[in-house]
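Data block below; observations after.
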Amino acid sequence: PFTFSTGLRRAEVCALRWGSVRLDTPAGSFVTVEPSEGFTPKSGRRRSVPLLGDALDVIRRRRATLSEGAQASDPVFPAAGIRKGKGDRPQPLYGPALTRRIRLHARAAGLRPAEVDGERGRSLHSLRHGFGTEAVSNGVSVAAVQAALGHSRIETTQIYAKMLPAGLHDELARVFGRL
């Protein structure tokens, strides 16, 4: 639910640190995607992504389980074990391991690989696409979706703006009334 509710890329989820999480501020709850040790956002730019619904629930549950010695530099989604040579601090989740987890859960839910992996095997990335599609389909502006997804070009985000004729009819009817 976290990736579908935020639209974050796999590398962004893995690199997310507690110091980038802000809960219950006057501006709301959000995460900041920003450069950190070993990570640079694809766009190279820093951006804030709102935490709402399921994503906010996930973060609050994870925060409630933090140990007393947790640090801002600790990953929000740590690897299952501590890697040798890295000290005793939690290490970030490894991207391919996250992909494997998603596939395992999808298979356990009875989804066939084509429904899980898509044409290019990007099961986690398909959750990002789901975020964009769901947002645009429910009236979020393409510009707002572009900001949330961190696309540098609006043309990339406009992929999600493809509307079915019924959706177009509903949108126009909302503005112009009965046609």
Side-chain angles (χ1 to χ4, degrees), residues 1-63 66 70-80 82-83 86-87 89-103 105 117-138 140-162:
F2 184 80
T3 302
F4 183 78
S5 298
T6 61
L8 293 181
R9 294 175 177 94
R10 179 178 79 173
E12 295 168 344
V13 171
C14 292
L16 189 60
R17 305 285 194 244
W18 283 110
S20 297
V21 175
R22 301 288 182 267
L23 297 177
D24 305 319
T25 73
S29 298
F30 58 93
V31 296
T32 302
V33 176
E34 58 192 338
S36 62
E37 183 182 333
F39 172 73
T40 302
K42 185 175 178 181
S43 69
R45 293 186 311 242
R46 176 184 178 168
R47 76 180 193 280
S48 292
V49 178
L51 287 173
L52 303 162
D54 290 338
L56 183 56
D57 292 344
V58 166
I59 293 296
R60 285 186 172 147
R61 281 194 309 271
R62 295 196 69 78
R63 171 121 27 210
L66 284 178
Q71 298 177 6
S73 61
D74 288 346
V76 173
F77 301 101
I82 296 173
R83 295 187 211 147
K86 296 285 186 177
R89 301 299 325 150
Q91 296 301 304
L93 187 60
Y94 178 59
L98 178 57
T99 298
R100 281 192 298 276
R101 282 187 191 180
I102 295 291
R103 288 180 179 160
H105 288 293
D117 300 335
E119 290 181 20
R120 296 193 215 159
R122 299 181 301 180
S123 60
L124 188 63
H125 202 73
S126 65
L127 296 173
R128 179 173 161 80
H129 284 292
F131 169 88
T133 302
E134 191 72 13
V136 170
S137 296
N138 283 286
V140 178
S141 72
V142 173
V145 174
Q146 176 189 16
L149 292 174
H151 290 154
S152 57
R153 297 170 20 123
I154 193 74
E155 293 83 6
T156 304
T157 313
Q158 286 174 331
I159 292 167
Y160 305 110
K162 295 177 183 174

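One N or O on the side chain of Gln91 and one on the backbone of Arg89 form a donor-acceptor pair closer than 3.5 Å. Using modelled atom types, one side-chain atom of Ser141 and one backbone atom of Ala144 make a donor-acceptor pair closer than 3.5 Å.
Looking at residues two or more places apart in sequence or on another chain, you find no side chain to side chain donor-acceptor pair (under 3.5 Å) involving Ser5.
In this structure, Trp18 and Leu66 have side chains that are in contact, with non-hydrogen atoms separated by less than 4.5 Å. Residues Leu93 and Pro75 form no side-chain contact, since every pair of their non-hydrogen atoms from C-beta on lies 4.5 Å or further apart. Annotation: side chain of Arg9 is in contact with side chain of Arg128 (closest heavy-atom distance under 4.5 Å).
Pairs passing the side chain to side chain donor-acceptor pair (under 3.5 Å) check and including a residue from residues 38-47, sequence neighbours excluded, read Glu12-Arg47.
When all heavy atoms of Arg62 and Pro78 are compared, the closest pair comes out as NH2-CD, 3.1 Å. Leu149 and Gly7 make their closest contact through CD2-O, 3.5 Å (heavy atoms, listed as atom of the first residue, atom of the second, distance). Between Thr157 and Val142, the closest heavy-atom pair is CG2-O, 3.5 Å. Among all heavy-atom pairs drawn from Ser73 and Arg17, the shortest one is O-CD, 2.8 Å. Residue Val145 comes nearest to Gly132 through the heavy atom pair CG1-CA, 4.1 Å, listed as atom of the first residue, atom of the second, then distance. The heavy-atom pair separating Cys14 from Leu98 by the smallest distance is SG-CD2, 4.0 Å.
Considering CG of Leu16 and CG of Asp74, their distance stands at 12.0 Å, rounded to 0.5 Å. Rounded to the nearest 0.5 angstrom, Leu51 CG and Asp57 CG are separated by 10.5 Å.
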Query raised in the report: Tyr94 and Thr99: side-chain contact (heavy atoms from CB on, under 4.5 Å), yes or no, with the steps?
Result: CA-CA 9 Å; Tyr94 178 59; Thr99 298; over 6 Å; no
Query raised in the report: Run the side-chain contact (heavy atoms from CB on, under 4.5 Å) check on Phe2 and Val76 step by step: do they pass?
Result: CA-CA 12 Å; Phe2 184 80; Val76 173; 6.0 Å; no
Report task. Start with the C-alpha distance between His151 and Tyr160, add both sets of side-chain angles, then the distance that settles side-chain contact (heavy atoms from CB on, under 4.5 Å), and finish with yes or no. Result -> CA-CA 12 Å; His151 290 154; Tyr160 305 110; 3.8 Å; yes
Requested in this report: List the steps and the verdict of side-chain contact (heavy atoms from CB on, under 4.5 Å) for Phe131 and Thr3.
Outcome: CA-CA 8 Å; Phe131 169 88; Thr3 302; over 6 Å; no
Please tabulate, for side-chain N and O atoms in residues 23-32, each donor-acceptor pair with protein atoms closer than 3.5 Å (sequence neighbours left out).
from: Asp24; atom 1: OD1; to: Arg60; atom 2: NH2; distance (Å): 2.6
from: Asp24; atom 1: OD2; to: Arg60; atom 2: NH2; distance (Å): 3.3
from: Thr25; atom 1: OG1; to: Ala27; atom 2: N; distance (Å): 3.2
from: Thr25; atom 1: OG1; to: Gly28; atom 2: N; distance (Å): 3.2
from: Thr25; atom 1: OG1; to: Gly28; atom 2: O; distance (Å): 2.5
from: Ser29; atom 1: OG; to: Asp24; atom 2: N; distance (Å): 2.8

